[in-house]
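Below, chains carry the letters A, B, ... as their sequence lines are ordered, and counting in each starts from 1.
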Protein chains: 2
Amino acid sequence: MMQRTSFDQMPCPVARSLDRVGEWWSILILRDAVYGLTRFDQFAQSLGIAPNMLTRRLKALCEAGLMERRLYQERPARYEYVLTDTGRDFRPVLWTLFAWGNRHLAPEGESVSLVDPETGLPVDPVVVDRRTGRPLSDGVRVVAGPAASPRLRRRFERPIAL
Amino acid sequence: MMQRTSFDQMPCPVARSLDRVGEWWSILILRDAVYGLTRFDQFAQSLGIAPNMLTRRLKALCEAGLMERRLYQERPARYEYVLTDTGRDFRPVLWTLFAWGNRHLAPEGESVSLVDPETGLPVDPVVVDRRTGRPLSDGVRVVAGPAASPRLRRRFERPIAL
DNA sequence: CAGTATCCTGTCCGATACTG
DNA sequence: CAGTATCGGACAGGATACTG
């Protein structure tokens, strides 16, 4: 009996992504890693997470290829946890989550904001198509890709909105 | 004893967002809602989720303000579940999750892809600043916002990368 | 069809104590 | 400092049976 279905085998990239970073703490650990934290202790203090959970989540993030455990000092052996390229590439998700939270869950105004460090002006994250530069909106569709199974291909015979 | 800390009171909008949609199924339900599904049965079949869980997650999403339960037929009473504006506004997160998954978790190629329905050309989601149009990259910083507590303001005295 | 009602299990997570 | 070990509680999630 499974506690939860593994989303890893699902064809949907959203589901697959969730399979890697779906745990509560994982995304916050990633956030702190982007903030520049690298050490066990820093994460523990910043997050107020129990040490055993931190160990588990860090290990999971390493196995998922988002972070890397690196020996930065021998004798005594000391490790730091740094983002891989895959992990750094997760930032767009953090930005959109950040923006959504600020838009909808900050009734008394933003407690933290994104800014451009050079101008100091606020940054408002929008998702656009790299090629056309046009914002994604109602016009985006999901279609079967090159690696789609016949079954999946049938499901997306008619493009579906996302 | 708490099972997990509520992220709702945290000042970080990422944490607050996770408090609303952090459950595994919630995001997949949102995805399916964007796909156009509205009925209990449709969600159940699409997701392969146990009905009691679907009930729970739908209720939570309604309470969180992302979806709305609407009577679409009396006698017998029938309800449909539709996205609110807040819920639709969550799509940028889905897009970036989708793109990340396709970039890093699709070794045999994309099984599904995003396309522009008019041109049929692939869409590659990138996060840019609405004002300048420049892609967010290493240059983005988090600073204390107008509603920041003094404590928070100290933490972000020096802007922090995100 | 659209759920509700039970029951069960896995595990996420917190708390605490302990080690090289 | 950087974790490991152990314990226990809450609940997400699965399976199934049942109802208007």
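- Consecutive Watson-Crick or G-U pairs involving DNA chain D, each under 3.5 Å on both distances, make up stems of three or more pairs at C:1-20 with D:1-20.
- Across all strands, A:P51 comes closer than 4.0 Å to base atoms (heavy-atom distances).
- Counting any heavy atom pair closer than 4.0 Å across all strands shown, B:R57 reaches sugar-phosphate atoms only and no base atom.
- Residue A:R56 places no side-chain N or O under 4.0 Å from the OP1 or OP2 atom of D:dG3.
- Distance B:K59 NZ to C:dA5 P: 9 Å, rounded to the nearest Å.
- With rounding to whole Å, A:L54 atom CG is found 11 Å from C:dG14 atom P.
- Side-chain heavy atoms closer than 4.5 Å link hydrophobic residues (I, L, V, M, F, W, Y) into clusters, and following such links, even through other members, never connects B:Y79 to B:L30.
- Considering only side-chain N and O atoms, B:T55 lies under 4.0 angstrom from the phosphate OP1 or OP2 of C:dT4.
- Side-chain N/O atoms of B:W24 include one lying less than 4.0 angstrom from OP1 or OP2 on D:dG13.
- If A:M53 and A:R78 are placed on DNA chain C by their nearest nucleotide, the residue sitting closer to the 5' end is A:M53.
- Of the residues near DNA chain D, A:Y81 and A:N52, the one whose nearest nucleotide (by heavy atom distance) lies more toward the 5' end is A:Y81.
- The main-chain N or O of A:W25 is never found under 3.5 Å from a side-chain atom of A:R57 such that the two would form a donor-acceptor pair.
- No donor-acceptor pair under 3.5 Å is formed between the side chain of A:S46 and the backbone N or O of A:F43.
- As a whole-Å value, the separation of B:L18 CG from D:dA12 C1' is 16 Å.
- Evaluation of the salt bridge (Lys or Arg N to Asp or Glu O under 4.0 Å) test over residues 111-121 of chain A, restricted to residues two or more places apart or in two chains, returns A:D116-B:R134.
- Put simply, B:T5 has a side-chain N or O that comes within less than 4.0 Å of OP1 or OP2 on C:dG14.
- Salt-bridge annotation for B:R88 and A:D138: present, with a side-chain N of the basic residue lying under 4.0 Å from a carboxylate O of the acidic one.
- A sub-4.0 Å separation between OP1 or OP2 of D:dG14 and a side-chain N or O of B:W25 is present.
- The stretch residues 32-46 of chain B touches DNA chain C through B:R39, B:F40, B:D41, each having a heavy atom within less than 4.0 Å of the strand.
- In this structure, B:R4 places its CZ atom 15 Å from C1' of D:dG13, rounding to the nearest Å.
- Across the protein-nucleic acid pair, A:I29 atom CD1 and D:dG3 atom P stand 12 Å apart, rounded to whole Å.
- Between the CG atom of B:L47 and the P atom of D:dA12 there is a distance of 17 Å, given to the nearest Å.
- To the nearest angstrom, C1' of D:dG3 lies 10 Å from CG of A:L58.
- You'll find the side chain of B:L47 reaches within 4.5 Å of the side chain of B:R31, heavy atoms only.
- Within the 4.5 Å cutoff, no side-chain heavy atoms of B:R69 are placed close to those of B:L61.
- Looking only at side-chain heavy atoms (C-beta outward), A:V142 and B:F98 come within less than 4.5 Å of each other.
- Salt-bridge check for B:R39 with B:E80: failed, with every basic side-chain N at 4.0 Å or more from each acidic carboxylate O.
- Distances shown here put a side-chain N or O of A:Y72 below 4.0 Å from the OP1 or OP2 atom of D:dA2.
- Taking the side chain as every heavy atom from C-beta outward, B:W100 and B:L105 approach each other to under 4.5 Å.
- Distance, B:I49 CD1 to D:dA12 C1': 10 Å, rounded to whole Å.
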